[in-house]
Amino acid sequence: MDETYYEFGTPADRWDRAQLFFEAKEYVTAARILGGLVQEAPEQVAPRLLLARAYYHSARLAKAEAELREILERSPVEDYARLMLGRTLERQRRHVEAATHLRMAHAMAGDLGPALTEQQGQ
């Protein structure tokens with residue numbers, strides 16, 4: 001794929017540009033920009049998470065899943081990545097696997113669900 005103007009500039013410029021494309025629902029273009037940022041700084045969570053979201057919204061679910069698993073490998077306490085992984089698995093009709101991640105995400109966020117909340121009230 002040929003490089004275009006939005007793939008040039010400082011990492012901060014490209015991050016801003018990627019966010020603008022994402023907000024404009026240009027998920028493929030945002031992912032293209034973010035892919036370069038993730039390659040340059042793989043330890044950064046924010047670009048990788050936005051890349052996963054861009055993949056999710058453009059229905060590239062296997063790529064979204066791979067990015068989310070990488071985030072969770074590096075930082076298991078990222079509850080939003082855990083939630084997104086659950087939603088991504090649901091869209092792939094992998095409901096049993098998704099349920100595990102969704103329960104973990106809710107617990108990590110402090111949302112115990114109706115069953116546990118009722119038990120605490122007793």
Side-chain angles (χ1 to χ4, degrees):
M1 204 176 257
D2 293 341
E3 290 186 356
T4 56
Y5 78 94
Y6 46 75
E7 294 169 315
F8 292 100
T10 67
D13 292 338
R14 287 180 286 140
W15 170 247
D16 290 341
R17 205 171 296 127
Q19 289 179 309
L20 289 172
F21 277 105
F22 185 89
E23 290 168 9
K25 297 183 181 180
E26 294 288 338
Y27 302 118
V28 173
T29 303
R32 190 169 162 189
I33 298 166
L34 290 162
L37 289 172
V38 166
Q39 285 180 344
E40 290 174 28
E43 72 285 351
Q44 295 291 320
V45 173
R48 193 177 290 275
L49 189 56
L50 191 58
L51 177 58
R53 291 177 63 202
Y55 285 149
Y56 178 87
H57 287 297
S58 60
R60 293 183 286 174
L61 301 177
K63 288 185 174 198
E65 179 183 348
E67 291 301 329
L68 293 164
R69 289 190 186 279
E70 183 64 31
I71 291 168
L72 293 170
E73 180 70 28
R74 293 171 183 266
S75 182
V77 296
E78 284 292 332
D79 61 321
Y80 186 68
R82 183 82 54 192
L83 176 66
M84 277 196 62
L85 179 56
R87 298 287 184 234
T88 301
L89 294 169
E90 279 182 331
R91 281 186 71 186
Q92 296 178 69
R93 301 197 187 285
R94 293 162 57 190
H95 298 288
V96 173
E97 191 178 354
T100 301
H101 292 286
L102 294 172
R103 277 194 306 273
M104 288 175 64
H106 289 298
M108 293 167 76
D111 177 12
L112 301 177
L116 291 175
T117 304
E118 288 173 14
Q119 288 177 356
Q120 286 182 339
Q122 294 178 0

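Excluded from the calculations below are hydrogen atoms, water molecules and symmetry mates; all remaining heavy atoms, backbone and side chain alike, are included.
- Nearest approach of V28 to S58, heavy atoms of both residues: CG2-CB, 4.2 Å.
- The hydrophobic cluster containing L68, built from Ile/Leu/Val/Met/Phe/Trp/Tyr side-chain heavy atoms closer than 4.5 Å, also comprises V45, L49, Y56, L61, I71, L72, Y80, L83, M84, L85, L89, L102.
- Residues T88 and Y55 form no side-chain contact, since every pair of their non-hydrogen atoms from C-beta on lies 4.5 Å or further apart.
- Not counting sequence neighbours, the partners of E90 by the side-chain hydrogen bond (donor to acceptor under 3.5 Å, both in side chains) test are R87.
- For the side chain to side chain contact (heavy atoms under 4.5 Å, CB included) with W15, the lone residue among L50, I33, T10 that qualifies is L50.
- For H57, the ring pair (Phe, Tyr, Trp, His ring centres under 6.0 Å) partners two or more places apart in sequence, or in a different chain, are F22, Y27.
- Within the structure, the ring-ring contact (aromatic ring centres under 6.0 Å, His included) test picks out no pair touching residues 81-101 (sequence neighbours left out).
- Partners of D79 under the side-chain hydrogen bond (donor to acceptor under 3.5 Å, both in side chains) rule, at least two apart in sequence or in another chain, do not exist in this structure.
- Contacts of R82 classified as salt bridge (Lys or Arg N to Asp or Glu O under 4.0 Å), with partners at least two apart in sequence or in another chain: none.
- Contacts of R91 classified as salt bridge (Lys or Arg N to Asp or Glu O under 4.0 Å), with partners at least two apart in sequence or in another chain: none.
- Pairs engaging residues 96-109 under the salt bridge (charged side-chain N to carboxylate O under 4.0 Å, His left out) rule: R69-E97, R94-E97 [sequence neighbours left out].
- Residues passing the side-chain hydrogen bond (donor to acceptor under 3.5 Å, both in side chains) test with R74 are E70, sequence neighbours excluded.
- Grouped by direct or indirect side-chain proximity (heavy atoms under 4.5 Å, Ile/Leu/Val/Met/Phe/Trp/Tyr only), L20 sits alone.
- Qualifying side-chain hydrogen bond (donor to acceptor under 3.5 Å, both in side chains) partners for E40, counting only residues two or more places apart in sequence or in other chains: R14.
- To the nearest 0.5 Å, atom CZ of residue R60 and atom CG of residue L51 are 8.0 Å apart.
- Residues A30 and A18 share a closest heavy-atom pair of CB-O, 3.6 Å.
- Pairs engaging residues 41-53 under the salt bridge (charged side-chain N to carboxylate O under 4.0 Å, His left out) rule: R48-E67 [sequence neighbours left out].
- Between A52 and A64 the shortest heavy-atom distance is O-CB, 3.5 Å.
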